[in-house]
Amino acid sequence: MSTSQLPLLVTGASGHLGQRVIAHLLNTLKIPAGQIIATTRNPEALAGFAAKGVIVRKADFEDTAALAKAFTGARRLLLISTDALDRPGRRLAQHINAVQAAVDAGVQHVVYTSMPKPAGSPLLIAPDHLGTEQALSAAPLSWTVLRNNWYFENLFMSLQQVLASGQWFTAAGDGKIAHIARDDLALAAAAALASNDTGKATYTLSGAEAFTTAEIARLVSQTAGKPIQVVQVPVEGLIQGLVDAGLPEGLAAVFASFDTNTRAGGVADITGDFRKLTGVAPLAYRDWLLANKAAISGT
Ligand SMILES: NC(=O)c1ccc[n+]([C@@H]2O[C@H](COP(=O)([O-])OP(=O)(O)OC[C@H]3O[C@@H](n4cnc5c(N)ncnc54)[C@H](OP(=O)(O)O)[C@@H]3O)[C@@H](O)[C@H]2O)c1
C-alpha cells in the first residue's frame, strides 16, 4: 500500500454528520471502503458501513489509553467536534486528547469541524473551537480547519414549539445567519479529508445567502402553511424563558448566546469556501425547505 492509499479516518462516525461524511467518501468520492476507518463509541451503529468493508473501530475521546491505538494506521483524520456541552471545558479536553492521540499515532493531517469567527466570540461554546484550533496549530502535523456555519437542520430543534405557539422568541435582532445544509458540510469535510493537501488552511463554510430570524421565520411559515410571529426579547428574557421551559440555567445561557453571537454578526459572512473545497454550489435554503416540506408542515 503506497502512502497515498493509507486510510482516511473519521471520528464520531455514528453522528448525523459523521455518517454523511462516510457516505460521501464512499459514494461521491469513490474512496474504496477498505481505505476508510470509522471510529465511534457505538460500533454496532455502523454495521451497515462495516458490511460494505469500512473498518469500524471503537474510540472515545475520554478513553485516552485506547485512543492512539484506535487512530493507528490512519494517514489523515477528520476530528468531528463532540456534543459534550454539559460542563464548560469538557469538550475542549476531549478534543485535545484526540489531537494528542493523532500525533502519537503518526497521523499526518487532521481536519477539524470548527465554527465561524471563534476568536472573541460571545458564543459560550466558542472557546472549545478556538482552543482546538490552537491545539492543532501547536501540534507537529498539518491541518484543515472547517469553520462550519450553522446547519439548516437546526430549525428542527425549535420548530415544534414555534409552530405550536405561533411565536418565535429571539434575541438575535437583525443579525443574519449564512446557514448551510448539514449534508453540504459533510461533503466539504469528505473533500478536505480525501484531498492530498498537506498545508495549514482555514475555510469558512457558509450557504449562498444570509437571513435574519424574521426572514427565516417568513420562509418557514410559508413552507409550513402556519403563521409565525417573531418576538424580539432581551437575552436575559430568552434565558429565563428557556429555564422556565425546563432547561438547566447553564445550558439556557449557552443556547441564548447563539443569539448574542448572531446579533453581533458572528455567523453572517457569506464566503466562496464551500465551492472552493467541493467544486459545487451549496444547496439554497429555499430548496432545502422544499425538500423538507413534509417534515416541516407535519411538525
Ligand atoms: N454547525 C452546526 O449547526 C452544528 C449543530 C449541531 C452540532 N454541531 C457540532 O458538530 C458536531 C457534529 O454534528 P452532528 O449533527 O453529527 O451531531 P450529533 O449527531 O449530535 O453527533 C454528536 C457527535 O459527537 C461525537 N461524540 C460525542 N461524545 C464523544 C466522545 N466522548 N468521543 C468521541 N466522539 C464523541 C459523536 O460520536 P459517536 O456517537 O459516533 O461516538 C458524534 O459524532 C456536533 O457534535 C457538534 O459539535 C454543529
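We count ligands from 1, going down the list as the structure has it; atoms in each ligand are counted the same way. Note that these values count all heavy atoms, side chains included, but never hydrogens, waters or copies made by symmetry.
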Note to self: I'd like the residue list for ligand 1, meaning every protein residue with a non-hydrogen atom under 4.0 Å from the ligand.
What the structure shows: G12, A13, S14, G15, H16, L17, T40, R41, N42, D60, F61, I80, S81, T82, D83, R91, Q94, N149, W150, Y151, N154, R182

Margin query: So that I know where these two stand, are Y151 and H16 an aromatic pair - ring centroids less than 6.0 Å apart?
Written below: no

Margin query: Under a plain distance cut-off of 3.5 Å, with no hydrogens placed, do E133 and W143 share a side-chain donor-acceptor pair?
Written below: no

Next item on the list: Please determine, by modelled atom types, if T198 and H109 share a side-chain donor-acceptor pair under 3.5 angstrom.
Entry: no

Item checked: Side-chain donor-acceptor pair present, S121, N261, cut-off under 3.5 Å -> yes

Check: Using 4.0 Å as the upper bound for N to carboxylate O, is an ion pair formed by K58 and D63?
Finding: no

Checklist line | F255: ring pair (Phe, Tyr, Trp, His ring centres under 6.0 Å) partners, not counting sequence neighbours | finding: none

